[in-house]
Amino acid sequence: MGLFNSVFGKGAETRQDRAQIPWISLTSTEQLEEIAKKSNTVPQVIFKHSTTCGISRMVLNMFTNSFNLGNEAEMYFLDLHGYREVSNAIESRFGVIHESPQLLIIKNGEVNFHTSHGAIADMDLKAYL
């Protein structure tokens, strides 16, 4: 079971799981306007994660292991189960249909790239910033 849990995850997220990425918790709909505004000077990245989905956990682990950006973007982490209303507001505000896991890159006030599932781990994030 140890290997299975390490690949697919189990239970709540821990700070140690996400320590390599300077995550900013996305917990309120008010943050979306701040994200849009800040995206005019610094790219904003939102990672939407389902804490009960094995695929989402696996993609998060792969994304974390390959992360190499430094301060090139601000990184937001959204726990979909804890803040579903924020996910709904993202769909409405930025016009991107909800998926999980999902990664959105916001520049100049709008989403200029988004992807989901295994494609997150396969992408070159720097190419979109």
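- S92 contributes no side-chain N or O that, together with a main-chain N or O of A89, makes up a donor-acceptor pair within less than 3.5 Å.
- In this structure, CG in L78 is found 7.5 Å from CD1 in I46, a value given to the nearest 0.5 Å.
- In the hydrophobic clustering of this structure, I21 groups with L129; members are Ile, Leu, Val, Met, Phe, Trp, Tyr whose side-chain heavy atoms approach within less than 4.5 Å, directly or through other members.
- Scanning all heavy atoms of the two residues, the minimum distance from S56 to P101 falls at OG-CB, 3.4 Å.
- Here the straight-line distance linking atom CG of L60 with atom CG of N65 works out to 9.0 Å at 0.5 Å rounding.
- Linking Ile, Leu, Val, Met, Phe, Trp and Tyr whenever their side-chain heavy atoms come within less than 4.5 Å leaves L32 and I105 in two separate clusters.
- Using a 4.5 Å heavy-atom threshold, the side chains of F94 and H114 count as separate.
- Side-chain contact annotation: H98 with S87, donor-acceptor N/O pair under 3.5 Å present.
- Checking side-chain atoms of S116 against main-chain N and O of S100 turns up no donor-acceptor pair under 3.5 Å.
- Among all heavy-atom pairs drawn from H117 and I55, the shortest one is CD2-CG2, 4.1 Å.
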- Query: Stepwise, does the side chain to side chain contact (heavy atoms under 4.5 Å, CB included) test hold for E72 with L125?
  - Reply: CA-CA 10 Å; E72 296 175 48; L125 186 56; over 6 Å; no
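- The shortest non-hydrogen separation linking V42 to Q44 is O-NE2, 2.8 Å.
- Under the 3.5 Å distance criterion, the side-chain polar atoms of H49 are left unmatched by any main-chain donor or acceptor of L80.
- Heavy atoms only, all atoms of each residue included: M75 and L69 are closest at SD-CD1, 4.2 Å.
- Hydrophobic clustering (side-chain heavy atoms under 4.5 Å, transitive across Ile, Leu, Val, Met, Phe, Trp, Tyr) keeps V45 apart from V96.
- Among all heavy-atom pairs drawn from N112 and K107, the shortest one is ND2-CD, 3.3 Å.
- The aromatic rings of F47 and F63 are tilted relative to each other, their planes meeting at an angle between 30° and 60°.
- Look at K48 and E99 and you find no salt bridge, because none of the NZ, NE, NH1 or NH2 atoms lies under 4.0 Å from a carboxylate O.
- I35 places none of its side-chain heavy atoms less than 4.5 Å from the side chain of E74.
- Taken from CD1 in I106 to NZ in K37, the straight-line distance is 16.0 Å, to the nearest 0.5 Å.
- At a threshold of 4.5 Å between side-chain heavy atoms, the hydrophobic network of Ile, Leu, Val, Met, Phe, Trp and Tyr places F77 and Y83 in two separate groups.
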- Message: Assess the residue pair E30 and E34 against the criterion (side chain to side chain contact (heavy atoms under 4.5 Å, CB included)); give the C-alpha distance rounded to whole Å, side-chain angles, the decisive distance to 0.1 Å, and a yes or no.
- Response: CA-CA 7 Å; E30 291 79 20; E34 177 184 330; over 6 Å; no
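- Note: R57 CZ to S50 OG = 10.5 Å, rounded to the nearest 0.5 Å.
- Considering only heavy atoms from C-beta on, V86 stays 4.5 Å or farther from Q31 through its side chain.
- The CD1 atom of I120 sits 11.0 Å away from the CE atom of M58 when rounded to the nearest 0.5 Å.
- Considering only heavy atoms from C-beta on, L26 comes within 4.5 Å of I90 through its side chain.
- Between N40 atom CG and E110 atom CD the span is 9.5 Å, to the nearest 0.5 Å.
- Nearest heavy atom pair, residue Y128 against residue D124, reads CD1-O, 3.4 Å.
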